[in-house]
**Q** 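One structure follows; several queries about it will come next.
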Amino acid sequence: MTGTLGAAWAVAWTRRTAQVVVEHREELIELDRQIGDGDHGENLARGFTAVLAKLDALDAEPEDVGAVLKLVATTLMSTVGGAAGPLYGTAYLRAAKVTALPALDSAAVVALLEAGLEGIVVRGKANPGEKTMVDAWTPAVEAAVAAADAGASPAGVLAAAAEAARGGAEATTPLVATKGRASYLGERSAGHQDPGATSTALILDAAATTAAEAAA
Amino acid sequence: MTGTLGAAWAVAWTRRTAQVVVEHREELIELDRQIGDGDHGENLARGFTAVLAKLDALDAEPEDVGAVLKLVATTLMSTVGGAAGPLYGTAYLRAAKVTALPALDSAAVVALLEAGLEGIVVRGKANPGEKTMVDAWTPAVEAAVAAADAGASPAGVLAAAAEAARGGAEATTPLVATKGRASYLGERSAGHQDPGATSTALILDAAATTAAEAAA
Amino acid sequence: MKKLINDPQSVVAESVEGFGLAHADLVEVHPAPLIVTRAGGAVTGKVGLVSGGGSGHEPLHAGFVGDGMLDAAVPGAMFTSPTPDQIAPAFTAADGGAGVLAIVKNYTGDVLNFETAAELADAEGLTVRSVVVNDDVAVEDSLYTAGRRGVAGTVAVEKIAGAAAARGDDLDGVVAVAEKVIANVRSMGVALTACTVPHAGKPSFDLPEDEIEIGIGIHGEPGRRRIPLAPADEITELLLTPVAEDLGLTSGEQVLLLVNGMGGTPLSELYVVYRQARRLLEGRGVEVTRSLVGNYVTSLEMQGASVTVLRLDDELTALWDAPVRTAALHW
Amino acid sequence: MKKLINDPQSVVAESVEGFGLAHADLVEVHPAPLIVTRAGGAVTGKVGLVSGGGSGHEPLHAGFVGDGMLDAAVPGAMFTSPTPDQIAPAFTAADGGAGVLAIVKNYTGDVLNFETAAELADAEGLTVRSVVVNDDVAVEDSLYTAGRRGVAGTVAVEKIAGAAAARGDDLDGVVAVAEKVIANVRSMGVALTACTVPHAGKPSFDLPEDEIEIGIGIHGEPGRRRIPLAPADEITELLLTPVAEDLGLTSGEQVLLLVNGMGGTPLSELYVVYRQARRLLEGRGVEVTRSLVGNYVTSLEMQGASVTVLRLDDELTALWDAPVRTAALHW
Ligand SMILES: Nc1ncnc2c1ncn2[C@@H]1O[C@H](COP(=O)(O)OP(=O)(O)O)[C@@H](O)[C@H]1O
Ligand SMILES: Nc1ncnc2c1ncn2[C@@H]1O[C@H](COP(=O)(O)OP(=O)(O)O)[C@@H](O)[C@H]1O
Ligand SMILES: [Mg+2]
Ligand SMILES: [Mg+2]
Ligand SMILES: [Mg+2]
Ligand SMILES: [Mg+2]
């Protein structure tokens, strides 16, 4: 099947994510400084830098997408800490479980995203509208489902998801947080974009960009 | 003998000193902040405010100059603290000892000033040129002696002393301190006027002004 | 940013290393993963006590490792809760065969990472129970929020649960004592200045010269509201009143009063706050029978303080008084 | 100026009142003149130990009143040494019939006021001896200067002389022990920020964001020189080297290493400094056998630290280890 995404894409996605997260480290710190404790960019940069090191140290190419995502999951769990560590760790872990496949078609990409969201919700118990990364993941999954239903390629599904995640992240700005550290600010949390939703948008954008490159 | 200075003058001098010291509180704090610990103005304001309260509480007019100066001495000793408390306290105490007189002529005014300087030197062991209040007192005494020798009135003697004290205080600016807290700065103490020499100039100026008023 | 550090990336490791060198009679520092255990290791038959969380709150938690308090502490990165595979070895190190109590401050990250670590430990056959400290009345507690934060009251939980473990209570017993402290301890804090997280490089919030933040946490978060600078007695009243009311203190009760510095406040100011907090409690007919004043749960170099009140009964008083031998609490 | 105070004029009195309320088991506070004495009063037959000085250095000195350390402390106004008629009653209160030792930090004001107080006490038939602590190597010591300042080394003098008095040494003996500590203790400090004296209302000096002051004292005085901000390890070396050299430390010697915070520095940073100071000492073959890290001799909310080294022998080590029960040192 043409356009499917395999282990090579998963590696490319992960490497791009590491790059993007390091590039946006200060921006994420600044967002978290406004309504949190100013470490989100530092935490993710530390985590994904560790992921890169793990990738570089691999003896053989990973077998399938799930193997890559599992490596990301365990590394984030053991190096990120804070709220984002377990949340993203669980997201990647759940996603890995449904992607033990040599190549993902559009439906599999949707399954990956759904599993990721499910992992975050299982751990963090946030609903949409609470000003968390869930507010980027939820529209991303919805857009992915719609794109797949409309017959989009895997890259197309991810492009739709990334676009929706970015919109979802931006839409957190007016919200009053009721989960996570920003909730301590009460009304004062409104007017700032959520750092976790922002990093989710970056991660999904990396997925879409690398998928488009793989397809090209 | 006309132009002599009695207990009434001593009271007026003391009240004027209290007023002047409170007015210059911040300036003295600022000078001490530059090369010391920023409390000289606060210390003297606290001390002379206490002196005023003591004066106000007196049942009878003080008998002689010495009685007033002794009251100042003991009050400063018990309320000022720091270096200036014992130094000015001893100065006033020594001055009180030589002024147990109903009225001071020019020679007695000189004796008052000499005793004051002696008290400071006995306690603080500073020589002229070490950037301390001694650098205001020393030229003041010299000028007083010269004025008295030239036949000046008591008010004239004090005017000469005050003028010289002010010059002496200003001349401390380029000096490198070798006594007191400013000495810890070494070379960095140069370029700032000494707070203690400055307060001495204020005190002696109050003496001269009130003597001139008494003579008028 | 001005700090006595070498590198934001290495400050936690270097600081904990120095801590271990300075207190080798009390603790042992294990560098990878970074944990601090009691010198001599777990005590056979005693419930093990573990706490941890982001760094930057020193002396919490490593300063409370030792006889009569914690068996192990897990220092995360600055203001970042430690990871499960850093926490799990601390559980193992603290286990003397009677199970382990994890004392967790109520933050999403801490709760999640300790939860996962407990699952890992469970898989190794270790019994781990957790209590979650949530004493900060500045934060609304409801089913629909992350709940109240854990702040300075943590010291009381660790001290008193530690004493319960030391006197030989079993795991259920130690959990019950810890829960009793948590149910009876409340705090509220104020910031005069923000703090600067080393890797962020700039202050956690911007506060004008004439304003203060009421209801701050210990992570440089802004507070619930900003008010003009006021005399210490007034500020203290703004902190103590919600604490006393949330606890429902009534005349005749006895309490422990903790005035905690946020790290950059002179001790002299903490005693000014203590004086007024005590007067206000006495005004309510509440008797202050135990006191603690100092920097115990800090937020780097933040200037500010928090007021913590713990309702005491005879048991809690006796456990508070029980001997303790750690770097930061010692009697 | 942002402070948790009510009024610059009353801050010392209110703070000491709060201190007395919080530590009623250890101390008694007498309001006029303001002195802090050991709860239970002088110990018959024991040499009495008194210290004091300007306030703003808390926990020094009141925090060291108690068993095994001081019998009385005399808090002056902020950064202003107390007056003779405040000090003299402290001498009387501390006297148990075996005479009194005054521990004076070497500042013109402290020396003069304690001197006069000793004369007053002498007139009442009390035997008072004084020792003058002058451990700060940042300051040149010569016949023609005010001599070196007394800084953090004061803690060691008070602890060890206190232990000597507690074990029953007579006045000559306690003086000799105190002098031995003074002869063997040296310190040097750094400031990252200035402090603000409440009555002055603005910082004691102006320091750009990228510069630090080396060789500062504990009164907000500027230091000996200003240098660009540097890594903690380099700064620590600038502090430790002159200390070690002034002491003439040689390989094989044993020392106590005290890293003292100036009041506004996080504990985590003090341990970073401790780590490097210890490595440097070990590099010289010097063994650090005792340690103290924390805020003991402070300068209000100043950010910075000092490094103090005390050369130990068996006697000083045993006296350091002897029990002490005060608000700020307790073992
Ligand atoms: N309960 C939750 N569910 C989903 N996401 C959450 C939850 N709590 C926090 N987050 C996300 O985590 C982000 C903060 O991550 P990070 O700064 O790394 O952790 P911490 O808050 O522990 O410092 C928030 O911006 C938010 O998007
Ligand atoms: N040894 C000394 N002899 C004479 N004057 C001194 C001596 N030491 C200090 N002074 C004077 O005292 C002044 C400082 O007084 P003050 O600020 O009140 O005391 P402190 O230095 O204890 O804070 C100095 O400006 C100096 O003029
Ligand atoms: Mg964060
Ligand atoms: Mg001064
Ligand atoms: Mg965090
Ligand atoms: Mg002074």
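A, B, ... follow the sequence lines: proteins, then strands. Residue 1 opens every chain.
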**Q** Between C/Ile235 and chain D, with a heavy-atom cut-off of 4.5 Å, which part of the residue counts as in contact: side chain, backbone, both or neither?
**A** side chain
**Q** Check whether C/His57 gets within reach of chain D through its side chain, its backbone, both or neither, counting any heavy atom under 4.5 Å.
**A**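 For C/His57, there is no contact with chain D at all, as no heavy atom is under 4.5 Å.
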**Q** Within the structure provided, determine whether C/Leu329 and C/Met69 are in side-chain contact (heavy-atom separation under 4.5 Å).
**A**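 When only atoms from C-beta onward are counted, C/Met69 and C/Leu329 do touch, with a gap below 4.5 Å.
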**Q** Among C/Pro59, C/Gly20, C/Ser268, single out the residue with the greatest number of heavy-atom pairs under 4.5 Å to chain D.
**A** C/Ser268
**Q** Contact part of C/Gln276 toward chain D, heavy-atom cut-off under 4.5 Å: side chain, backbone, both or neither?
**A** neither
**Q** Which atoms of C/Val273 come close to chain D, meaning under 4.5 Å heavy atom to heavy atom: side chain ones, backbone ones, both, or neither?
**A**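 C/Val273 touches chain D through side-chain heavy atoms alone.
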**Q** Among C/Ala13, C/Ala328, C/Gly263, C/Gly63, single out the residue with the greatest number of heavy-atom pairs under 4.5 Å to chain D.
**A**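 Greatest number of close heavy-atom pairs with chain D: C/Gly263.
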**Q** Strictly below 4.0 Å, N to O, side chains only: are C/Lys3 and C/Glu301 in salt-bridge contact?
**A** yes
**Q** Are the side chains of D/Glu17 and D/Val29 in touch, meaning some heavy atoms are under 4.5 Å apart?
**A**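 Counting from C-beta outward, D/Glu17 and D/Val29 never come under 4.5 Å.
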**Q** Can you tell me which of D/Val272, D/Thr193, D/Asn6 forms the most heavy-atom pairs within a distance under 4.5 Å of chain C?
**A** D/Asn6
**Q** Does any donor atom in the side chain of D/Glu237 or D/Thr241 lie under 3.5 Å from an acceptor atom in the other side chain?
**A** no
**Q** Given that the side chain runs from C-beta out, which part of C/Thr298 has a heavy atom under 4.5 Å from chain D: side chain, backbone, both or neither?
**A** neither
**Q** Under 4.5 Å from any heavy atom of chain D, what part of C/Pro208 do you find: side chain, backbone, both or neither?
**A**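 Interface part for C/Pro208: backbone (N, CA, C, O).
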**Q** Measure C/Leu60 against the heavy atoms of chain D and call it side chain, backbone, both or neither at under 4.5 Å.
**A** neither
**Q** With a 4.5 angstrom heavy-atom cut-off, is it the side chain or the backbone of C/Tyr274 that approaches chain D, or both, or neither?
**A**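 The side chain, not the backbone.
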**Q** Is it the backbone or the side chain of C/Leu229 that comes under 4.5 Å from a heavy atom of chain D, or both, or neither?
**A**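 Just its side chain gets close to chain D.
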**Q** Report which part of C/Gln303 has an atom under 4.5 Å of a heavy atom belonging to chain D: side chain, backbone, both, or neither.
**A**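 For C/Gln303, side-chain heavy atoms alone lie under 4.5 Å from chain D.
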**Q** Is C/Asp25 in contact with chain D via its backbone, its side chain, both, or neither, using a 4.5 Å heavy-atom distance?
**A**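 Neither; nothing under 4.5 Å.
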**Q** Do D/Leu310 and D/Trp320 make a side-chain contact, defined as non-hydrogen atoms from C-beta onward lying under 4.5 Å apart?
**A** no
**Q** Pick from D/Ser291, D/Ala305, D/Ala230: which one has the most heavy-atom pairs with chain C under 4.5 Å?
**A**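 Most heavy-atom pairs within the cutoff with chain C belong to D/Ser291.
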**Q** Is any side-chain heavy atom of C/Val12 closer than 4.5 Å to a side-chain heavy atom of C/Met78?
**A**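 C/Val12 reaches C/Met78 side chain to side chain.
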**Q** Tell me, side chain or backbone of D/Leu207 under 4.5 Å from chain C's heavy atoms, or both, or neither?
**A** both
**Q** May I ask you to decide whether C/Asp233 forms a salt bridge with C/Arg279, counting only side-chain N to carboxylate O separations under 4.0 Å?
**A**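 Answer for the salt bridge query: no.
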**Q** For chain C, find which of D/His23, D/Lys2, D/Glu58 contributes the most heavy-atom pairs closer than 4.5 angstrom.
**A**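 Answer, by heavy-atom pair count under 4.5 Å with chain C: D/Lys2.
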**Q** Heavy atoms, side chains only, cut-off 4.5 Å: are D/Leu281 and D/Leu240 in contact?
**A**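 A side-chain contact under 4.5 Å exists here.
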**Q** Taking 4.0 angstrom as the limit, do C/Arg290 and C/Asp321 come out as a salt bridge?
**A**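 Counted as a salt bridge, because a side-chain N and a carboxylate O are separated by less than 4.0 Å.
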**Q** Treating D/Thr236 as the side-chain partner and D/Ala232 as the backbone partner, does any N or O pair qualify as donor plus acceptor under 3.5 Å?
**A** yes
**Q** Most heavy-atom pairs under 4.5 angstrom with chain D, which of C/Gly264, C/Pro231, C/Ala22?
**A**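 Winner by heavy-atom pair count: C/Ala22.
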**Q** Is chain C contacted by the side chain of D/Glu282, its backbone, both, or neither, given a heavy-atom distance below 4.5 Å?
**A**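 No part of D/Glu282 comes within 4.5 Å of chain C.
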**Q** Strictly distance-based, threshold 3.5 Å: is any side-chain N or O of C/Asn260 a donor or acceptor partner for the main-chain N or O of C/Val297?
**A**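 Yes.
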**Q** Using modelled atom types only, decide if a donor and an acceptor are shared between the side chain of D/Glu269 and the backbone of C/Leu4 within a distance under 3.5 Å.
**A** yes
